[in-house]
Protein chains: 2
Amino acid sequence: MADVNWLDRPDVTDRRAGPAVIDYELIELLFFAYRDFVAEPDQALAALGFGRAHHRVLHFVNRNPGLRVTDLLETLRITKQSLGRVLKQLVDEGYIDQTPGPVDRRQRLLYATDKGKRLAVDLAARQSARIQAALDGTPPETREAVRGFLDRMIDRTPYVVADDEES
Amino acid sequence: MADVNWLDRPDVTDRRAGPAVIDYELIELLFFAYRDFVAEPDQALAALGFGRAHHRVLHFVNRNPGLRVTDLLETLRITKQSLGRVLKQLVDEGYIDQTPGPVDRRQRLLYATDKGKRLAVDLAARQSARIQAALDGTPPETREAVRGFLDRMIDRTPYVVADDEES
DNA sequence: AATTTACGTCAGCCATATTGACTTATCTGA
DNA sequence: TCAGATAAGTCAATATGGCTGACGTAAATT
């Protein structure tokens with residue numbers, strides 16, 4: 001059952017049709033790192049009957065009190081219907097409050113309740129601990145290099161929400 | 001519709017119950033970076049009637065010719081039944097070949113076909129291009145810092161496959 | 001010969017996403 | 001003022017990718 005030694009392996013890929021060099025190492029490290037990065041919160045959430053989708057919603061609401069539903073849709077890049085189900089559960093179970101926007105009363109501004117804050121912070125603390133362990137003993141430049149790299153991995157082209165109607 | 005400026009925001013979290021400092025910035029950058037990292041292959045795959053699951057299987061088979069089904073299960077950390085579905089499609093549509101193990105004939109060693117290799121390389125090239133763009137203009141230390149960070153983000157505790165029977 | 005292993009399969013379930021169509025309330029601009 | 005746009009919610013159907021549980025079969029191991 002010898003482990004497959006994925007990391008630091010020779011590149012045996014047929015690259016006749018591809019570019020000169022493909023960074024398989026970082027591609028695979030990103031896959032494995034992200035897999036384990038989300039696995040820990042997933043476990044904690046499962047005990048509450050929640051999933052990854054609830055985590056994302058609660059996280060961004062907690063981080064941005066008074067967030068509008070539309071903002072959440074753009075951030076998560078999911079549809080209103082997908083969000084609806086998950087958000088409803090979080091509201092019903094007392095993790096998130098909705099209040100009408102003071103200026104635009106069509107809006108339902110979202111706030112994490114105390115219970116919601118506690119869960120959000122608990123999950124974030126686990127993930128942060130993993131990050132800090134991975135940075136442990138490295139100079140500040142390491143975190144800065146990682147920060148810059150991840151930042152530049154993000155699409156900067158403005159995201160357009162798939163037109164629901166108007167087509 | 002002003003964008004929510006997620007990055008570099010003040011930490012408004014109630015941390016009474018949490019650790020002194022939570023690295024929200026890297027937590028969120030990881031989410032956004034990974035979201036966009038997989039979104040591009042997803043689009044290309046959708047045109048072929050495949051999904052993210054097919055991508056992962058094809059990728060690791062292509063990278064490790066002669067991989068056993070068991071190895072793939074450990075790498076992806078999914079069940080045999082889940083793998084079965086997507087693997088069968090990839091085999092049926094000529095992206096992956098299965099051949100009996102020369103020494104242990106119970107094994108079905110997996111190989112990407114030429115067609116499979118072409119798709120795998122095409123997808124990897126897109127992801128690699130994104131990575132290279134994110135590293136563009138940075139010194140070699142940046143890639144090394146990222147590599148080390150991601151590597152240390154991976155769980156090192158040996159993964160035990162959920163006992164199917166033997167319980 | 002008995003047991004274990006590698007792999008596959010049937011059946012059903014769940015979570016998360018999708019598209020499309022429609023409603024309600026509210027805001028905004030000509 | 002009122003027509004149209006916008007914010008949000010909802011119903012229904014569908015797809016994908018996971019899961020558990022239960023079996024089956026062939027081949028290797030002890």
Side-chain angles (χ1 to χ4, degrees), chain A residues 1-2 35 38-39 41-43 45-58 61 66-74 76-92 96 98-110 161-167, chain B residues 1-2 35 38-39 41-43 45-58 61 66-74 76-92 96 98-110 161-167:
Chain A
M1 211 76 44
R35 179 193 63 185
V38 294
D42 278 359
Q43 265 203 310
L45 288 155
L48 299 171
F50 290 145
R52 204 172 292 181
H54 302 86
H55 183 190
R56 296 195 287 247
V57 170
L58 181 59
V61 169
L67 192 64
R68 296 176 311 150
V69 170
T70 304
D71 296 326
L72 205 39
L73 292 178
E74 284 175 16
L76 301 178
R77 300 204 177 164
I78 59 176
T79 58
K80 173 171 58 165
Q81 295 88 334
S82 298
L83 174 61
R85 182 183 41 87
V86 169
L87 182 55
K88 188 173 190 310
Q89 286 177 281
L90 287 167
V91 170
D92 287 350
I96 289 180
Q98 293 174 308
T99 69
V103 48
D104 184 338
R105 284 155 52 221
R106 292 172 303 178
Q107 300 171 350
R108 308 287 165 88
L109 305 188
L110 304 172
V161 177
D163 309 358
D164 243 357
E165 28 265 280
E166 74 182 274
S167 69
Chain B
M1 208 79 40
R35 180 194 64 184
V38 294
D42 278 359
Q43 265 204 311
L45 288 156
L48 299 170
F50 291 143
R52 205 172 290 183
H54 302 86
H55 184 191
R56 296 196 285 249
V57 170
L58 181 59
V61 169
L67 192 66
R68 295 177 312 149
V69 169
T70 305
D71 297 325
L72 205 39
L73 291 178
E74 284 174 18
L76 301 177
R77 300 206 176 159
I78 58 175
T79 59
K80 163 170 69 163
Q81 296 87 333
S82 297
L83 174 61
R85 267 200 304 241
V86 295
L87 183 55
K88 188 173 189 309
Q89 287 177 278
L90 288 166
V91 170
D92 287 349
I96 288 180
Q98 292 175 307
T99 68
V103 47
D104 184 338
R105 284 155 49 221
R106 291 172 304 178
Q107 300 171 350
R108 309 287 167 88
L109 306 188
L110 305 172
V161 178
D163 311 357
D164 243 359
E165 28 264 279
E166 75 184 273
S167 72

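What's counted below: heavy atoms across the whole structure, side chains too, no hydrogens, waters or symmetry copies. Chain naming here is simple, since letters A, B, ... match the order of the sequence lines and numbering starts at 1 in each.
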Checklist entry - Can you name the nearest heavy-atom pair linking Gln98(A) to Leu87(A), along with the distance? => result NE2-CD2, 4.0 Å

Checklist entry - Looking at dA8(D), dA6(C), dT26(C), which one has an atom nearest to any side-chain atom of Asp104(A)? => result dT26(C)

Next on the checklist: Taking side-chain contact (heavy atoms from CB on, under 4.5 Å) as the criterion, tell me which of Val86(B), Leu67(B), Val91(B) meets it with Ile96(B).
Outcome noted: Val91(B)

Item to check | Between P of dG9(D) and CG of Leu90(A), the distance in whole Å | outcome: 13 Å

Next on the checklist: Could you tell me if the side chain of Leu45(A) sits less than 4.5 Å from the side chain of Arg52(A), heavy atoms only?
Outcome noted: no

Next on the checklist: Working to the nearest 0.5 angstrom, can you tell me the gap between His55(B) NE2 and Leu48(B) CG?
Outcome noted: 11.5 Å

Checklist entry - Once you round it to whole Å, what is the distance between C1' of dT19(C) and CG of Leu73(A)? => result 15 Å

Item to check | Integer-rounded Å distance: dT26(C) P and Arg106(A) CZ | outcome: 10 Å

Next on the checklist: One character per nucleotide, please: for nucleotides 13-18 of chain C, 5' to 3', B when the base has a protein heavy atom closer than 4.0 Å, S when only the sugar-phosphate does, - otherwise.
Outcome noted: ---BBB

Item to check | Spacing of Arg35(A) atom CZ relative to dG17(D) atom P, expressed in whole Å | outcome: 18 Å

Checklist outcome for this item: Rounded to whole Å, the CG-P distance (Leu67(B) to dA6(C)) equals 13 Å

Checklist entry - So, for Arg35(A) and Glu74(B), which heavy atoms are closest and what is the spacing to 0.1 Å? => result NH1-O, 4.4 Å

Checklist outcome for this item: For Arg105(A) and Pro100(A) the tightest heavy-atom approach is O-CB, 4.3 Å

Item to check | Distance, nearest 0.5 Å, that separates CD of Gln81(A) from CG of Leu83(A) | outcome: 10.0 Å

Checklist outcome for this item: Here DNA chain C, pairs taken as Watson-Crick or G-U under 3.5 Å and shown with ( ), [ ] when crossing and | when to another strand, reads ||||||||||||||||||||||||||||||

Item to check | Leu87(B) CG - dG8(C) P separation (whole Å) | outcome: 7 Å

Next on the checklist: For the CD1 atom of Ile78(A) and the CZ atom of Arg56(A), what is their distance to the nearest 0.5 Å?
Outcome noted: 7.0 Å

Next on the checklist: Taking any heavy-atom pair under 4.0 Å as a contact, classify Val103(A): base, sugar-phosphate, or nothing.
Outcome noted: sugar-phosphate

Item to check | Arg68(A) vs dA7(D): side-chain N/O to OP1/OP2 distance below 4.0 Å | outcome: yes

Checklist entry - If every non-hydrogen atom of Leu109(A) is compared with every non-hydrogen atom of Pro102(A), which pair is closest and at what distance? => result CD1-CD, 3.8 Å

Next on the checklist: Any side-chain N or O of Arg105(A) below 4.0 angstrom from OP1/OP2 of dT26(C)?
Outcome noted: yes

Item to check | Value in whole Å for how far the C1' atom of dA15(D) lies from CG of Leu45(B) | outcome: 15 Å

Checklist entry - To the nearest angstrom, how far is Leu110(A) atom CG from dG9(D) atom C1'? => result 13 Å

